[in-house]
Amino acid sequence: MNQEKRVFLASPHGMCAGVRRALETVEMVLDRFGPPVYVLHEIVHNNFIVNDLRQRGVRFAETLEEVPPGAVLLFSAHGVSAAVEEQARSRNLRIVDVTCPLVKRLHHCAGKAHDVLILIGHRGHPEVEGTVGRSGAKYTFVVGSTAEAEALTPLPPGSRIELLAQTTLNTEEVGRIEAKLRERYPQLESAATVCYATTNRQRAVRALAGKCEVILIIGSPRSSNSNRLREVAEQAGVKAFLIENAGEIPAEIIAKTATIGVSAGASAPESLVEGVLERLRAAGFRVENENCATDESTAFSIPPIPEKS
Ligand code: SF4
């Protein structure tokens, strides 16, 4: 007898409040000013969204020098350093700051650090660069693993040490790094800065892992939280794939797997999730939604948008 083919859709999955706010804001800015509108770095790390906005007249700049004076410039959801913000203001740009309020909170905590700030995060990620550039500490270190925590240069005795984490990290990995640092510096003070959306999506993927042979995570390769979801699934003992859309589901998985879990990173639009489910339905899978025991009613208000002069 053929085994029934089933898909379990994680709950919650997909877009978070910070990404929704960033995208609603860019739509409002496009309506008000018309193209071109500039964004410093990708507004969120999702290729589908970035390509769509690009076609509608949004230009993504890597440096402020690429943005002409007087233009409308959005800071991305990942935030920027104090120096970049200051430089942008001095270039007479009309700034719309869509930094996620939870990244702003991280900036605020970093700004309050005194002696030493240790930020758990991935070097080179815009959120980490922006947060390091907001640090009020005499010494700021970025630590990306337990090995790096062990190798951290000895800190001045008696230092007050603040520990923070990038908002989109693997919560269990953050716990392991913190434990390692605490062995060396029992006095460190930490604030929980991994965001609600990251935490909830990881919890949902761990719950799926017990009932699926494979988990598909929908998200772009540069999306930190999507990569962490794939890692979380693998650490829970399940084969996992990060895919951008339905076309990237490995044919072998469709053919040889009876139970597939599906989740999506916080910057992945629901249309891509629907596309993946549609392809799996067409291949004979029955889709079951997981029950959501988590309240995700979080919403953020739109940031100030300058008037068109
Ligand atoms: Fe904000 Fe978290 Fe979404 Fe990042 S993943 S935009 S920190 S809510």
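What's counted below: heavy atoms across the whole structure, side chains too, no hydrogens, waters or symmetry copies. FYI, the numbering just counts along the sequence from 1. When a ligand or atom number is given, it counts from 1 through the structure's own listing order.
When only modelled atom types and interatomic distance are considered, R54 and N51 share a side-chain donor-acceptor pair under 3.5 Å. A donor and an acceptor atom, one from each side chain of E244 and N46, are nowhere located under 3.5 Å apart.
Short contacts between ligand 1 and C100, defined as distances under 4.0 Å to a heavy atom of the residue, involve ligand atoms 1 (Fe), 6 (S), 7 (S), 8 (S). Close approach of ligand 1 to C195 is summarised as follows: ligand atoms under 4.0 Å from at least one heavy atom of the residue are 2 (Fe), 5 (S), 7 (S), 8 (S).
Closest protein heavy atom to atom 7 (S) of ligand 1: T167 OG1, 3.4 Å.
For C16, every heavy-atom contact with ligand 1 shorter than 4.0 Å involves the side chain, none the backbone.
Each of E86, E85, Q87 was checked for a side-chain hydrogen bond (donor to acceptor under 3.5 Å, both in side chains) with R89, and the lone residue meeting it is E85.
Under the side chain to side chain donor-acceptor pair (under 3.5 Å) criterion, S297 pairs with D295, not counting sequence neighbours.
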